[in-house]
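Worksheet: one structure, shown below.
Note on naming: letters A, B, ... go to the chains in the order of the sequence lines (proteins, then strands), and numbering restarts at 1 for each one. All values below come from the heavy atoms of this structure, side chains included, with hydrogens, waters and symmetry mates left out.
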Amino acid sequence: MSQPTFYYFNGRGKGEVVRLLLTFAGVSFKDVRVENIDDALRARLPFGQIPFFEDNEIELAQSGSIIRYVAQKYKIAGDNNVDIAHGDAIIESIWDVLTPYWQTKDNEEKFNKYKTETIPKFLTRWEELLLKNGGKQFVGKSLTSADIAVFHAIDHLNFLKVYQLETTKYPTLSALYTTVSEVPALKTYLAARATDSKF
Amino acid sequence: MSQPTLYYFNGRGNGEYPRLILSFANVQFNDNRVNGIDDALKTRLPFGQLPFYEDEQVQLAQSKSIARYVAQKYKVAGKNEVEVALSDAIAESIYDLVNPFLAARGDAEKTEKFKTETAPRFLNNWEALLLKNGGKNFVGESFTYADVAVFHALDYFKFAGVDLLGDATKYPTLNTLTKSVSEIPSLKAYLDKRPTDSKF
């Protein structure tokens, strides 16, 4: 096989962080967007689910596992085990922010609570964690997968029209967002990706 | 600090999984069961949440991150990067079972769907993956934290009143795995002494 291949639906959802990480790491990969999982593909999926990733070493399911495998392999997870662990926890936290959107969006009261309490709680924590590490990135001394993941969370909240990050309220987080979006490889990817994804 | 410390409420919830991994890895740790989060503790929590883990190197939130850090540190995550990733995926898969179960509680239709569709799909997958790896454990040649993660999921369901494995004939390899994991000495020592009257 010549290139790593990533299989996911034609949307952002659980796949976009992987795409962003591979792009950030400068990895040429096949970005396969699946309309329907046909029998041939399903037979290869450990849990019958996508996203699914394969390269010449591994066939891997589970979005989180793929994120961590790619980050580790292409050395963007952090410089030592402590930074990697702290970055790991920050990446986990983005799902505490994104998952409730799907869980609450059809219940006005819960959705309101999500928007007015849950999201700001995490944004505040992220702002604090950034400052605690010097303000430029979440762990270590350069951008890691944790920064890309939080970028995605903020970007996706905006995309879903749920929340737009206030620059004055979260200046450090806003600066990080801008920095990540201007990493050349990401800038190219972001400019070219579809804007009409359904999720 | 002399020992690693895990902070969680006095229940299973999201704290039990790190407890099991720490025990499996034979780590002497403070199993700090707190009644509530006081101000002193809250300021130390990266996301204001428990579980929270600290040792001489890290102060770590997020139950799954704690499990992965402990597994990696004490060398029970897998023998190489591929095994680590495959174990990671098995450990992740338990949430595709646990989360729908939690979401279905109180809803008869969703619970039915969980029992007749979601659960069997995962149990069949796990049974198949075990067999594909020789039948004794999920990844490589010895137990990794992936085996303990699946044990935890099935054990938690039983604790919540749902015996997913049912009679041993339906998922024989999975059944045998849960028994052998429960008999790993360091894990057995924890299982024998943990509270049996946890409320969650």
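- Scored by the ring-ring contact (aromatic ring centres under 6.0 Å, His included) test, A:Tyr177 finds A:Phe151 as partners (sequence neighbours excluded).
- Side chains of A:Gln62 and B:Asp96 form a contact here, defined as non-hydrogen atoms less than 4.5 Å apart.
- The two atoms that bring A:Asp88 and B:Arg68 nearest to each other are OD1-NH2, 2.7 Å, heavy atoms only.
- Scanning both residues, B:Ser65 and A:Ala89, for their nearest heavy atoms gives OG-CA, 3.2 Å.
- There is no contact between B:Tyr95 and chain A, counting heavy-atom distances below 4.5 Å.
- At a threshold of 4.5 Å between non-hydrogen side-chain atoms, the residues A:Asp96 and B:Gln49 count as touching.
- Taking every heavy atom of both residues into account, B:Ala85 and A:Leu60 meet most closely at O-CD1, 3.5 Å.
- Looking at A:Glu57 and B:Glu81, their side chains never come closer than 4.5 Å, going by heavy atoms from C-beta outward.
- For B:Ala89 against A:Ala61, the heavy-atom pair with the smallest separation is CB-O, 3.5 Å.
- Only the side chain of B:Leu129 has a heavy atom closer than 4.5 Å to any heavy atom of chain A.
- The minimum heavy-atom distance linking A:Arg125 with B:Leu45 is given by the pair NH1-O, 2.7 Å.
- For a residue to count as touching a neighbouring chain, one of its non-hydrogen atoms must lie under 4.5 Å from one of that chain's; by this rule B:Asn124 does not touch chain A.
- Heavy-atom distances place the side chain of B:Tyr69, and not its backbone, under 4.5 Å from chain A.
- Ranked by heavy-atom pairs under 4.5 Å with chain A, the list B:Ser87, B:Ala91, B:Pro46 is led by B:Pro46.
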